[in-house]
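Structure first, then comments.
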2 protein chains.
Amino acid sequence: MERKQIQEQRIRNYFIEATREILKGEGLKSVNVRAIAERAGYSYATLYNYFKDIKELIFICVQDFQKEAEILINEKALSKPAGKERIREIAKDYIQYFTQYPGIFDLFFLEKMVGISGKHPTAELIYTFLDRLTENDWNTCRELNLYSEDQILTMKKQMNYSITGLLLMYMNRMHPQSYDLFIRDVDNQLSFVLDK
Amino acid sequence: MERKQIQEQRIRNYFIEATREILKGEGLKSVNVRAIAERAGYSYATLYNYFKDIKELIFICVQDFQKEAEILINEKALSKPAGKERIREIAKDYIQYFTQYPGIFDLFFLEKMVGISGKHPTAELIYTFLDRLTENDWNTCRELNLYSEDQILTMKKQMNYSITGLLLMYMNRMHPQSYDLFIRDVDNQLSFVLDK
DNA sequence: TTAATAAATTTAACAATGTTAATTATATTT
DNA sequence: AAATATAATTAACATTGTTAAATTTATTAA
């Protein structure tokens with residue numbers, strides 16, 4: 001019975017990996033049952049033996065990508081001392097990850113999750129992501145009495161909301177019009193929040 | 001020749017009105033060629049005699065809704081004196097308009113505009129909307145020396161980005177989990193930006 | 001006014017996508 | 001090795017956007 005599960009999980013992973021590849025490459029709009037199955041080396045209907053529907057498969061990728069981004073960003077952060085400046089760095093790496101993979105941004109923030117099994121946990125995972133990445137650093141700021149508890153609560157939210165809005169406008173509406181201008185805006189808005 | 005144009009525009013308006021109704025009612029995901037045409041009292045193929053494709057029709061509604069919201073919000077603002085507090089009010093009305101019609105928020109910020117004729121003007125219209133609504137009030141603040149020119153530039157952006165992010169998370173990810181908590185967040189974040 | 005023509009509208013059809021049911025192929029068990 | 005269970009595939013259907021062919025309606029010319 002263990003063998004069965006191992007084999008089953010292996011095949012599930014083929015589909016998951018195929019979906020990840022498409023998401024990273026062509027993006028969310030190119031993800032469809034037939035394209036996934038072809039890349040995985042199966043017929044499109046086989047997918048339904050392993051996943052309830054295509055949405056389940058897609059949202060497994062959310063967790064996957066989040067782990068990937070978390071590792072990537074945390075690795076870069078290790079070399080820097082905890083604190084305000086590292087919050088800035090982490091936020092910029094967070095932003096860079098999404099600009100590098102617009103399909104993943106779509107997946108995280110734009111895709112409607114109606115009817116997803118365990119919808120709420122996934123949504124929570126997404127909107128607390130930046131907070132988790134910067135948790136230690138905010139604690140350090142608190143310990144150094146750089147900001148008060150209340151300030152930190154508001155600043156975290158402000159960062160989270162404004163970065164999401166900035167990413168949304170840049171990726172979906174080409175505003176600002178160039179990457180350079182976008183990065184300049186990122187720096188400005190991070191300063192607005194952090195350098196009170 | 002004038003008659004022709006009047007009649008043609010009339011029929012276009014039937015389709016536009018039908019699309020507006022669906023967008024306000026069931027939202028963007030319920031907008032489709034057959035539903036629009038049925039509501040307009042025509043066959044689905046007739047639509048293509050008046051519009052290049054369904055996207056053109058949908059994005060005509062963006063301008064329409066923006067005019068509607070602008071009138072609505074400006075009317076309410078008339079009774080208040082120009083300045084910082086009216087910026088707060090206008091921002092809250094702006095937010096309220098979108099929470100009232102989630103389909104219109106989707107349309108404004110989430111719908112991909114690739115391949116839309118005159119894509120850029122429409123995108124520009126959207127991301128400068130809040131700025132236009134509050135233009136007079138920022139000018140008043142400037143004249144009163146309440147904020148500097150540079151501060152205003154940054155604050156406008158910060159408001160725009162954080163409100164967009166806040167709306168996105170509330171509408172797409174149910175965060176915060178209730179309207180009351182959402183409004184509390186709105187107040188907090190507006191204070192963060194305005195009450196330096 | 002009526003036959004010819006132009007314009008507008010509709011029905012039929014196709015392509016892409018998600019999904020399910022029926023069929024076929026493969027693996028397991030007795 | 002035959003019977004049964006499991007897995008995978010093909011066929012089929014529903015929905016949606018779109019185009020082409022057919023039909024209806026309106027306009028124009030005799």
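Reminder, nothing fancy here: chain letters follow the sequence lines and each chain counts from 1.
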For atom CD of A/Q7 and atom C1' of D/dA5, their distance in whole Å
15 Å
Phosphate OP1/OP2 of C/dT10 contacted by B/T46 side-chain N/O (<4.0 Å):
yes
One thing to verify: whether B/R173 and A/E124 come together as a salt bridge, which I'm taking to mean a side-chain N less than 4.0 angstrom from a carboxylate O.
no
N/O donor-acceptor pair, side chain A/Y44 with base D/dA11, under 3.5 angstrom
yes
What's the OH-P distance between B/Y14 and C/dT9, to the nearest Å?
11 Å
Rounded interatomic separation in angstrom, taking CG from A/L47 and P from C/dT17:
14 Å
Measure CG/B/L57 against P/D/dT18 and give the value in whole Å, please.
11 Å
Could you check how far CZ of B/R34 sits from P of C/dA12, rounded to whole Å?
13 Å
For the side chain of B/A45, counting heavy atoms from C-beta on, which of D/dA8, C/dT11, C/dT19 is nearest?
C/dT11
Does A/F65 share a hydrophobic cluster with A/L72, counting links as ILVMFWY side-chain heavy atoms below 4.5 Å and allowing steps through other members?
yes
Decide whether A/Y179 and A/L190 are clustered together by the hydrophobic rule: side chain heavy atoms of Ile, Leu, Val, Met, Phe, Trp, Tyr closer than 4.5 Å, transitively.
yes
With respect to the phosphate group of C/dT9, does any side-chain polar atom (N or O) of B/Y50 fall under 4.0 Å of OP1 or OP2?
yes
Would you say A/N32 reaches C/dT17's phosphate, i.e. side-chain N/O to OP1/OP2 under 4.0 Å?
yes
Whole angstroms only, please: what is the CG-C1' distance between A/N49 and D/dA8?
7 Å
Return the CG to CD distance between B/D64 and B/E17, rounded to the nearest 0.5 Å.
8.0 Å
Rounded interatomic separation in angstrom, taking CD1 from B/I58 and P from D/dT16:
13 Å
Using the ring of each side chain (for Trp, its six-membered ring), is A/F109 parallel, tilted or perpendicular to A/F98, with breaks at 30° and 60°?
perpendicular
Among the nucleotides C/dT19, C/dT11, C/dA8, which one has an atom lying closest to any side-chain atom of A/D53?
C/dT19
Using a heavy-atom cut-off of under 4.0 Å over every strand shown, decide if B/I11 touches base, sugar-phosphate, or nothing.
sugar-phosphate
Would you indicate what B/F51 reaches in the nucleic acid, counting non-hydrogen atoms under 4.0 angstrom: base, sugar-phosphate, or nothing?
nothing
Between C/dT19 atom P and A/K55 atom NZ, what is the distance in whole Å?
9 Å
Heavy atoms from C-beta onward define the side chain here; which of D/dT9, C/dT10, D/dT18 lies closest to that of A/Y42?
D/dT9
Sorted by position of nearest nucleotide on DNA chain C, 5' first, the leading residue of B/E8 and B/S43 is B/E8
